[in-house]
**Q** 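Here it is, the structure, as structure tokens.
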Amino acid sequence: QVQLVESGGGLVQAGGSLRLSCAASGNIFSINAMGWYRQAPGKQRELVATIPSGGSTNYADSVKGRFTISRDNAKNTVYLQMNSLKPEDTAVYYCNAYIAGYSRLYYNYWGQGTQVTVSS
């Protein structure tokens with residue numbers, strides 16, 4: 001019954017900022033890597049940023065220097081701070097995480113997505 005729920009999407013002007021949140025809930029023993037992906041209409045889903053547990057952050061070249069991924073392990077939440085937004089950032093943003101229940105086996109989960117629209 002693990003769920004990932006995204007929030008924080010919306011409409012913003014180019015150059016503006018948004019902060020996305022993704023909270024994991026349910027039967028959670030441990031969370032490993034968490035990340036954000038995005039998919040624009042007619043395009044392939046792409047990685048935006050990842051933050052492994054205890055590891056360094058990783059970013060797509062297209063967002064490096066503008067986006068910041070972080071996590072709050074106590075809240076089982078991952079964030080994506082998006083600054084200097086561009087119209088090409090418009091997409092549905094999906095949260096992703098590897099989560100283990102009390103079986104201690106990790107499974108990959110996806111959120112249902114949150115729409116980010118950047119107007120020019």
Side-chain angles (χ1 to χ4, degrees):
Q1 297 187 355
V2 172
Q3 283 190 312
L4 297 176
V5 180
E6 302 99 334
S7 62
L11 176 64
V12 65
Q13 291 183 334
S17 298
L18 284 174
R19 191 190 192 200
L20 306 183
S21 299
C22 172
S25 62
N27 180 30
I28 299 172
F29 175 78
S30 181
I31 302 178
N32 203 319
M34 306 184 81
W36 290 94
Y37 294 72
R38 67 186 182 186
Q39 188 168 24
K43 293 186 177 181
Q44 191 174 7
R45 186 174 298 186
E46 64 176 350
L47 180 143
V48 176
T50 60
I51 181 166
S53 178
S56 60
T57 56
N58 302 279
Y59 298 92
D61 289 341
S62 60
V63 307
K64 192 173 297 182
R66 300 187 297 119
F67 292 9
T68 302
I69 189 170
S70 61
R71 64 192 289 171
D72 185 336
N73 292 327
K75 297 181 179 179
N76 293 331
T77 300
V78 63
Y79 305 94
L80 185 68
Q81 178 66 47
M82 304 184 294
N83 299 325
S84 302
L85 283 162
K86 304 174 181 179
E88 50 263 45
D89 294 319
T90 296
V92 176
Y93 283 70
Y94 296 92
C95 179
N96 179 267
Y98 286 88
I99 302 173
Y102 294 106
S103 69
R104 301 189 181 185
L105 298 175
Y106 282 95
Y107 297 90
N108 190 239
Y109 295 89
W110 290 93
Q112 292 191 344
T114 184
Q115 177 70 49
V116 172
T117 303
V118 184
S119 62
S120 60

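Note that the coordinates shown come from a computational prediction; the quantities given were computed from them, not determined experimentally.
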**Q** Roughly how far, to the nearest 0.5 Å, is the CZ atom of Arg71 from the OG1 atom of Thr57?
**A** 11.5 Å

**Q** By the definition side chain to side chain contact (heavy atoms under 4.5 Å, CB included), identify the one residue from Leu18, Leu20, Val5 that meets it with Thr114.
**A**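 Checked Leu18, Leu20, Val5 against Thr114; only one passes side chain to side chain contact (heavy atoms under 4.5 Å, CB included): Leu20.
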
**Q** What about Val63 and Val92, same hydrophobic cluster or not, with Ile/Leu/Val/Met/Phe/Trp/Tyr joined at side-chain heavy-atom distances under 4.5 Å?
**A**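 Per the 4.5 Å side-chain linkage, Val63 and Val92 are not co-clustered.
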
**Q** Grouping I, L, V, M, F, W and Y whenever their side-chain heavy atoms are under 4.5 Å apart, do Val2 and Tyr94 come out in a common cluster?
**A**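 Hydrophobic grouping puts Val2 apart from Tyr94.
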
**Q** Kindly indicate, with the supporting measurements, whether the criterion side chain to side chain contact (heavy atoms under 4.5 Å, CB included) is fulfilled by Tyr59 and Arg66.
**A** CA-CA 10 Å; Tyr59 298 92; Arg66 300 187 297 119; over 6 Å; no

**Q** Looking just at side-chain N and O atoms, do Asn32 and Ser53 make a donor-acceptor pair shorter than 3.5 Å?
**A** no

**Q** How close do Ser120 and Pro87 get, heavy atom to heavy atom, and via which atoms?
**A**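 Ser120 and Pro87 have their closest heavy atoms at CB-CG, 3.8 Å.
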
**Q** Going by the angle between their ring planes, with limits at 30° and 60°, are Tyr93 and Phe67 parallel, tilted or perpendicular?
**A**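 Tyr93 vs Phe67 ring planes: tilted.
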
**Q** Looking only at non-hydrogen atoms, find the nearest pair between Ile31 and Ala24 and report the distance.
**A** CD1-CB, 3.9 Å

**Q** Verify the distance criterion only: is there a donor paired with an acceptor across the side chains of Tyr106 and Ser30 at less than 3.5 Å?
**A**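 Yes, Ser30 and Tyr106 have a side-chain donor paired with an acceptor closer than 3.5 Å.
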
**Q** What distance separates Arg19 CZ from Asn83 CG, expressed to the nearest 0.5 Å?
**A** 11.0 Å

**Q** Is there a side-chain contact between Thr90 and Arg38 (heavy atoms, below 4.5 Å)?
**A**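 When only atoms from C-beta onward are counted, Arg38 and Thr90 do not touch, as no gap falls below 4.5 Å.
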
**Q** Would Lys86 and Asp89 count as a salt bridge (Lys or Arg N to Asp or Glu O under 4.0 Å) if you check the C-alpha gap in whole Å, the side-chain angles of each, and the deciding distance to 0.1 Å?
**A** CA-CA 5 Å; Lys86 304 174 181 179; Asp89 294 319; over 6 Å; no

**Q** Following the transitive rule for hydrophobic clusters with a side-chain heavy-atom cut-off under 4.5 Å over Ile, Leu, Val, Met, Phe, Trp and Tyr, establish whether Tyr102 and Tyr98 coincide in one cluster.
**A** no

**Q** Any link between Tyr37 and Ile99 through a network of hydrophobic side chains (Ile, Leu, Val, Met, Phe, Trp, Tyr) touching at under 4.5 Å?
**A**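 Shared cluster, no.
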
**Q** Does CD in Gln115 sit with more than 12 non-hydrogen atoms of other residues, nucleotides or ligands closer than 6.0 Å?
**A** yes

**Q** Please report the closest heavy-atom contact between Ser17 and Gln81, naming both atoms and the distance.
**A** CB-NE2, 4.0 Å

**Q** Should Tyr79 and Leu4 be regarded as members of a common hydrophobic cluster, given that ILVMFWY residues are connected when their side-chain heavy atoms come within less than 4.5 Å of each other, either directly or indirectly?
**A**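 They do not share one cluster, since no chain of ILVMFWY contacts under 4.5 Å joins Tyr79 to Leu4.
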
**Q** Within a reach of under 6.0 Å around CD of Gln112, are more than 12 heavy atoms found that belong to other residues, nucleotides or ligands?
**A** no

**Q** How close do Val116 and Met82 get, counting heavy atoms only, and between which atoms?
**A**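 That closest heavy-atom pairing would be CG2-CE, 3.8 Å.
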
**Q** Checking side-chain polar atoms at under 3.5 Å, does Asn58 have a donor or acceptor matched by the opposite partner on Thr50?
**A** yes

**Q** Applying side chain to side chain contact (heavy atoms under 4.5 Å, CB included) to Trp36 and Cys95, what does each step give before you reach the verdict?
**A** CA-CA 5 Å; Trp36 290 94; Cys95 179; 4.1 Å; yes

**Q** Going from CE on Met34 to CG on Asp72, what distance comes out if it is rounded to the nearest 0.5 angstrom?
**A**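 Rounded to the nearest 0.5 Å, the CE-CG separation comes to 10.0 Å.
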
